[in-house]
Amino acid sequence: MNLSALHKARYTYQPKLPAILQAPADSITASLGEPTTSVGDQAAVKAIFAHQYGKPIISFRQGSNPAMTRRLTVGVILSGGQAPGGHNVIAGLFDGLKKGNPASSLLGFRGGPGGLTDDQSVALDAATIDQYRNTGGFDIIGSGRTKIETPEQFAKAAGVARDRKLDAVVVIGGDDSNTNAALLAEYFAAHDVPCAVIGVPKTIDGDLKNEYIEASFGFDTATKTYSELIGNIERDAASARKYWHFIKLMGRSASHIALECALQCQPNVCLISEEVEQRRMTLAGLCDEICAAIVTRSAKGLDFGVVLIPEGLIEFIPEFKDLISALNDYLAHQAAAYAALTDDDTRLAFVAKGLSVNLASLYANLPRDIRLQLIMDRDPHGNVQVSRIETEKLIVSIVEKRLAELKKQGDYKGKFSSQTHFFGYEGRCAFPSNFDADYCYALGMSAWALIAGGYSGYLSSVRQLDQSAAHWQAGGIPLTMMMNIERRHGSDKPVIKKALVELEGKPFQTFAAARAVWAVETSYRFPGAIQYYGPSEVCDQPTETLKLEKR
Ligand code: FBP
């Protein structure tokens, strides 16, 4: 293979581990906390997870524990969207298994959770793992979004676990995938399948976090990748002085990615969906705020700028939230009739009939492309595919109209030319930053320690991430602790609660205190490319979000 110089160099990078995971296997033991409760809907969550509910938080510490050296057979699944560092989770899990007992083995289930139910697996040996250390992507075994939900799927997964004599399955995934992991753990416990299920917090979106899960892996690398690109665009905008760039950033519902990139790059405007919802802003209202920045800058001779738009914005604008929720319910309940329709015009007419008068009028006034994007297939977990809705173009079209009106009234004399961008997939498979390479390797090894310790229904956790890796705390957080009940596919389901941007939190407050100046001045900051080698203050820094949250 003709590998790039960086690719070869990354093979020699040795991820840093928390001190406890550097210890010999038989001297790692667990401290157990108090019984836990779910974040919401306790009675309903407890009823669904009768065998899992209430487990204690686990922290690893030094102590004699010969049981950790038992021979294990473990299966691993990569689930959902790619996130930098997934390969290092598998490497950490593999190295942990071999440290515990050289006869232990690791199977990779191909193509996501469907690989488990269909028994599509590959043995992962040292030579294979070595090819993927410290690299981006999920291509070692591939990923997928299959949701294991029918009794047949659960029974098949149990059959595969029994046939392959699996001691555990590790699910590397986001909130939806880890919800699946919890359901699988419950099913195995209820049906006496002697196989543990352990989750690992993955997602570039940064929304799988709480007091105990300080960050999901991949967020660090993805936001650094986007920030490099945004900084480059800012410099281009300030050089050419003729374009307003509207950049939609991936991240699904939460605006963590947009906020982190704003803290890194100091753009003129960054919309935060959670604030839009709290202020009950309309689409027209938020476009007016963008126009205000454009008009003020134009009066200063600055007919250029950069606007960041979180991918999930549309779901947070109150009028659209109602529309999307009505569309979700209608499409779920009319699935058969809708599936029989053969062209877009009939689909649009069919959907419009199912909406209330107000929502039908909102829907009818949207550009046709957006109307079609809003009714595209939901993903297997019931999510609207926001990456495919061109919110940035919708906003530009409204801003253009509004500026034309302002010009007519004599309130705006500038020239407005726009460029739109969507940064999403570009950031999901970059070589993991040193932070993600270390964090993921530690998460993988912590997952092994949970399995070797005999635990199930846990999310592997590594805490105190603002400190150096040696001081990180490894352990496990019960999956049920993060659950509440939400409406999906037209019915109520247990799901891991998404962490949205907290408007009282330090990251948002820091942004809010600075943004008025950024809107009218040109305060751009250029983070540059991720550095893997060099001084620690350049190549080992966590995100601004993490630093501010831990301050
Ligand atoms: P996960 O929640 O599975 O980590 O996926 C994250 C994500 O990258 C979102 O930011 C984005 O909206 C979505 O995946 C895109 O999905 P797909 O890869 O199926 O197009």
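Atoms within each ligand, like the ligands themselves, are counted from 1 in listed order. We're numbering straight along the sequence, starting at 1.
- Aromatic rings from F435 and Y439 are positioned such that their centres are separated by under 6.0 Å.
- Side-chain atoms of E426 come within 3.5 Å of backbone atoms of G424 as a donor-acceptor pair (strictly under, hydrogens ignored).
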Between ligand 1 and the protein, tabulate every N or O atom pair separated by less than 3.5 Å, reporting distance only.
residue: ligand 1; atom: 2 (O); partner: R252; partner atom: NH2; Å: 3.3
residue: ligand 1; atom: 3 (O); partner: G81; partner atom: N; Å: 2.8
residue: ligand 1; atom: 3 (O); partner: R145; partner atom: NH1; Å: 2.9
residue: ligand 1; atom: 3 (O); partner: K202; partner atom: NZ; Å: 3.1
residue: ligand 1; atom: 4 (O); partner: K202; partner atom: NZ; Å: 3.0
residue: ligand 1; atom: 4 (O); partner: T203; partner atom: OG1; Å: 2.9
residue: ligand 1; atom: 5 (O); partner: R145; partner atom: NH2; Å: 3.2
residue: ligand 1; atom: 5 (O); partner: R252; partner atom: NH2; Å: 3.4
residue: ligand 1; atom: 8 (O); partner: R428; partner atom: NH1; Å: 2.9
residue: ligand 1; atom: 10 (O); partner: D205; partner atom: OD1; Å: 2.6
residue: ligand 1; atom: 10 (O); partner: D205; partner atom: OD2; Å: 3.4
residue: ligand 1; atom: 10 (O); partner: G251; partner atom: N; Å: 3.3
residue: ligand 1; atom: 12 (O); partner: E311; partner atom: OE1; Å: 2.7
residue: ligand 1; atom: 14 (O); partner: R145; partner atom: NH2; Å: 2.9
residue: ligand 1; atom: 14 (O); partner: R428; partner atom: NH1; Å: 3.2
residue: ligand 1; atom: 16 (O); partner: R145; partner atom: NH2; Å: 3.0
residue: ligand 1; atom: 18 (O); partner: R428; partner atom: NH1; Å: 3.0
residue: ligand 1; atom: 18 (O); partner: R428; partner atom: NH2; Å: 3.0
residue: ligand 1; atom: 19 (O); partner: R145; partner atom: NE; Å: 3.1
residue: ligand 1; atom: 20 (O); partner: Y425; partner atom: OH; Å: 2.6

Let me see the working for E275 and R515 under salt bridge (Lys or Arg N to Asp or Glu O under 4.0 Å), right down to the final yes or no.
CA-CA 14 Å; E275 184 187 26; R515 65 178 159 183; 2.7 Å; yes

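- Here side-chain hydrogen bond (donor to acceptor under 3.5 Å, both in side chains) pairs that include residues 106-118, with residues two or more places apart or in two chains, number zero.
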Please step through side-chain contact (heavy atoms from CB on, under 4.5 Å) for the pair L479 and Y458, ending with a clear verdict.
CA-CA 5 Å; L479 284 162; Y458 279 86; 5.8 Å; no

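- Aromatic rings of F431 and Y13 (six-membered ring for Trp) have centroids beyond the 6.0 Å cut-off, not under it.
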